[in-house]
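Chain letters run A, B, ... following the sequence lines, proteins first and then strands; every chain starts at 1. Note that the structure is a prediction, hence the values are computed from the model and not measured.
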Amino acid sequence: MSTTRRILVTSALPYANGPIHLGHLVEYIQTDIWARFQRLRGHECYYVCADDAHGTPIMLRAEQEGISPEALIERVGEEHRRDFAGFRIGFDNYHSTHSPENRELATLIYERLKAAGHITTRVIRQAWDPEKGMFLPDRYIRGECPRCGAPDQYGDACEACGATYSPAELRNPRSVVSGARPVEKESLHYFFKLGDFEPMLRAWTRAGHLQPEVANKLDEWFAAGLKEWDISRDAPYFGFEIPNAPGKYFYVWMDAPVGYMASFKNLCARTGLDFDDWWGPDSAAELYHFIGKDIIYFHALFWPAMLHGAGFRTPSAVWAHGFLTVNGQKMSKSRGTFIRARTYLDHLDPEWLRYYFAAKLGPSVDDLDLNLEDFVQRVNSDLVGKVVNIAARCAGFITRRFEGRLATSLERPALHERFVAAGETIAEAYEGREYARAVREIMALADEANRYIDERKPWFLAKEAGREAEVQAVCTQGLNLFRVIMGYLKPVLPRVAAETEAFLRCPPLTWVNIGEPLLDHTVAAYQPLLTRVDPKAVEAMLADARADLAEAGEAAAPAPAPGDEPVAPEITYEDFMKVDLRVARIVAAEAVEGADKLLRLVLDLGGERRTVLAGIRRAYDPEALAGRLTVMVANLKPRRMRFGVSEGMVLAAGPGGRELWLLAPDEGAQPGMRVK
RNA sequence: GGCUAGGUAGCUCAGCUGGUCAGAGCACGGCACUCAUAAUGCCGGGGUCGUGGGUUCGACUCCCACCCUAGCCA
């Protein structure tokens with residue numbers, strides 16, 4: 001505590017291609033808590049991040065939307081910033097990899113590596129889309145698995161049998177972009193000679209910069225041999241062009257981690273911090289990267305090697321966390337547990353999630369489960385029932401009987417002392433990213449504070465004449481214990497902590513000033529600091545998450561509750577008769593490849609057959625549909641969709657997603673009969 | 001398929017290098033209290049520690065095999 005540390009922390013850069021979801025937030029909340037904790041300890045700590053804005057998916061997505069990549073990343077970047085702000089992620093800077101600083105630094109690193117002989121070139125053969133005129137990443141080629149024959153598999157691995165292979169081995173391959181059959185084509189690529197750094201990396205990975213299990217994992221990669229890393233991509237590509245290499249661009253993963261530096265450099269320009277002091281080879285500052293376990297390879301091998309090779313410092317540590325599961329299972333769009341940050345914020349308090357994650361986060365790469373039932377109980381009992389309750393049960397007496405005035409001394413200084421002393425253990429836990437342990441310790445204090453109040457029974461004393469001073473003393477003690485607890489929870493609950501400071505009318509809580517109790521001091525009237533989680537709100541959020549999914553890619557239309565949707569304007573009988581509704585038999589139903597929510601239905605209209613693409617995949621199993629009767633709009637103008645032409649519409653009711661119900665005629669109706 | 005992790009009470013998790021380690025919180029049952037957002041305090045039931053072997057005087061803790069879950073395989 002005596003020396004002030006200088007610390008720079010980062011979270012991995014979210015890809016500027018889609019919304020932030022709860023899985024992302026594990027990492028941002030984990031990092032934010034750590035950064036806030038360091039500042040409360042009196043250290044100089046900066047937290048920077050940025051959008052990862054380059055690469056093929058962004059280029060194609062922008063094209064699909066008919067906008068420029070710049071416009072896309074601008075819009076997504078705005079959404080990301082809003083979502084992070086909603087969860088009170090306190091970045092000191094949030095930048096973009098598509099920035100002048102990043103171009104400059106990526107280029108500089110590349111040129112230094114090249115000058116030092118760590119870059120080589122080689123012609124490789126790669127799949128090429130002749131229609132689209134571009135090389136295809138493996139994930140943009142689909143076909144049948146060469147091993148098990150499963151249809152519609154990616155170019156690199158089979159989801160059905162787990163086989164890995166090269167796109168050239170796929171049977172009947174086609175480009176996801178154009179549908180064309182890819183051809184092989186040659187191209188000159190630039191490679192980073194990672195093997196040059198093997199001795200340095202072997203030493204670095206075992207020098208305490210990584211979690212032990214991560215270092216174990218890296219041994220596997222060392223054993224397999226470090227291969228050269230392909231850092232170039234051919235035009236068309238959205239990224240930075242490689243110097244003296246027209247038509248060649250830096251692969252997105254090359255300039256993405258440089259984004260950490262670029263964001264910090266941008267911060268330096270604003271604040272006057274000295275960039276070299278933090279990133280120079282002899283920097284005494286600390287640098288920590290929080291990442292997900294899926295991107296260890298990039299951060300624990302490529303990144304330190306690049307930095308070292310280009311004459312920059314290497315990270316003090318790279319810390320990987322596990323993935324988020326929801327109710328014990330992988331977040332899943334089809335189960336409706338793929339929850340966006342925004343969807344959460346529309347229904348629930350961000351402090352709740354921050355607390356829940358903190359209560360379950362450890363320093364390991366274990367996955368973290370968001371069990372929604374547990375979430376409700378945990379937040380309600382720990383935060384509301386225990387912690388905030390301490391203030392609520394003391395404040396009334398102080399306000400009503402003493403006009404908000406606290407006593408001039410503590411009733412049990414030793415108890416307060418023990419609370420203050422616990423701060424060191426709690427700090428160790430935060431420092432070591434053992435938030436779950438920190439929270440356990442803090443909750444034990446809250447239990448103790450409640451026991452104390454129970455033992456002293458201020459409500460009983462208040463009824464006894466002449467014991468007013470005792471009531472004041474007990475509540476003063478209780479509020480001071482509460483204040484210490486909130487100080488310890490401040491990294492996790494910034495809003496509640498700020499409101500606590502307002503309620504207590506005390507200066508911002510820090511680890512340093514927490515030891516001084518508030519005495520002979522007037523506090524404000526108590527307002528509830530935190531409300532209970534209503535399980536209905538969680539249900540509503542899940543319903544929204546399902547609706548988000550049902551409308552993914554379409555114009556968002558909120559699903560009205562049954563009966564809420566206003567009745568459409570009046571029409572005449574003639575108007576109605578323009579719609580030709582027919583009884584139809586579903587003779588075949590199958591999922592549409594590549595579409596999340598479409599089924600391809602073949603309908604029999606009593607002789608005539610129609611193919612209809614219906615957005616009911618989430619609600620109906622294709623097998624269950626074959627043979628049944630329904631009603632369709634038979635004279636709807638055929639509509640060309642991405643996956644084919646739809647010749648009509650089947651009738652269904654419901655908000656969408658899983659909640660859709662097909663109409664069915666009563667017994668006796670025959671295919672082709674008109675409905676009127 | 002290989003590798004790295006995880007599989008402990010209904011739920012979420014602690015259990016460091018083998019011998020009070022079979023625990024906590026929540027949920028559940030009983031009692032007390034009523035200051036507090038049906039909050040709090042006390043007491044209690046509940047687990048053959050994924051399965052099957054092995055090492056040991058003794059294993060949740062070490063070894064082997066298998067099953068399940070997650071991620072990675074550039």
Quiz item: Which nucleotide, B/rU4, B/rC72, B/rG41, lies nearest any side-chain atom of A/N450?
Solution: B/rG41
Quiz item: Do any side-chain nitrogens or oxygens of A/K360 fall under 4.0 Å of OP1 or OP2 in B/rC13?
Solution: yes
Quiz item: Using atom P of each nucleotide, how far apart are B/rG52 and B/rC60 to the nearest Å?
Solution: 13 Å
Quiz item: Is there a Watson-Crick or G-U wobble partner for B/rU55 with both distances under 3.5 Å, and if so, which one is it?
Solution: none
Exercise. Using a 4.0 Å heavy-atom cut-off across all strands, classify A/P528 as base, sugar-phosphate, or nothing.
Key: base
Quiz item: Paired with B/rC21 by Watson-Crick or G-U wobble geometry, both distances under 3.5 Å: which nucleotide is it?
Solution: none
Quiz prompt | Sugar-phosphate, base or nothing in reach of A/R532, heavy atoms under 4.0 Å | solution = base
Practice problem: Hey, could you give me the CG/CD distance between A/L504 and A/E499, rounded to the nearest 0.5 Å? | Solution: 12.0 Å
Quiz item: Between A/P137 and A/T56, what is the shortest heavy-atom contact and its length?
Solution: CG-OG1, 3.9 Å
Quiz item: Which value, in whole Å, describes the distance between the C1' atoms of nucleotides B/rG7 and B/rC66?
Solution: 14 Å
Exercise. With heavy atoms under 4.0 Å as the rule, sort A/Y526 into base, sugar-phosphate or nothing.
Key: base
Exercise. Report which part of the nucleic acid A/L529 touches: base, sugar-phosphate, or nothing (heavy-atom distance under 4.0 Å, all strands).
Key: base
Quiz item: If you measure from the P atom in B/rC3 to the same atom in B/rG41, how many Å do you get, rounded?
Solution: 49 Å
Quiz item: Which is true for A/V388 with a 4.0 Å heavy-atom rule: it touches a base, it touches only sugar-phosphate, or it touches nothing?
Solution: base
Quiz prompt | Donor-acceptor pair between A/H189 and A/D234 side chains, under 3.5 angstrom | solution = yes
Quiz item: How is A/N389 classified with respect to the nucleic acid when contacts are heavy atoms under 4.0 Å: base, sugar-phosphate, or nothing?
Solution: base
Self-check item: A/T314 and A/H308: side chain donor to acceptor below 3.5 Å
Solution: no
Practice problem: Give A/G225 one of three labels, base, sugar-phosphate or nothing, depending on what nucleic acid heavy atoms sit under 4.0 Å from its own. | Solution: base
Practice problem: Give A/L218 one of three labels, base, sugar-phosphate or nothing, depending on what nucleic acid heavy atoms sit under 4.0 Å from its own. | Solution: nothing
Practice problem: Determine the minimum heavy-atom distance between A/F397 and A/F402, stating which atoms define it. | Solution: O-CD1, 3.5 Å
Quiz item: Between A/H299 and A/Y260, what is the ring plane arrangement, given parallel below 30°, perpendicular above 60°, and tilted in between?
Solution: tilted
Self-check item: Touch class at under 4.0 angstrom, heavy-atom based, for A/G396 against every strand present
Solution: nothing
Self-check item: Whole-Å P distance, B/rC49 and B/rG44
Solution: 24 Å
Quiz item: A/T399 and A/A524: which non-hydrogen atoms are nearest, and at how many Å?
Solution: OG1-O, 4.5 Å
Quiz item: Can you find a heavy atom in the side chain of A/Y452 that is under 4.5 Å from one in the side chain of A/V474?
Solution: yes
Self-check item: Span that lies between the C1' atom of B/rC63 and that of B/rU55, in whole angstrom
Solution: 7 Å
Quiz item: Which part of the nucleic acid, if any, lies within contact of A/D230, taking any heavy atom under 4.0 Å across all strands shown: a base, the sugar-phosphate backbone alone, or nothing?
Solution: nothing
Quiz item: In Watson-Crick or G-U wobble terms, both distances under 3.5 Å, what is the partner of B/rG47?
Solution: none
Self-check item: Letter per nucleotide, 5' to 3', of nucleotides 24-30 of chain B [B base touched, S only sugar-phosphate touched, - untouched; heavy atoms, 4.0 Å]
Solution: -SSS---
Self-check item: Distance below 4.0 Å between A/N216 side-chain N/O and B/rA5 OP1 or OP2
Solution: yes
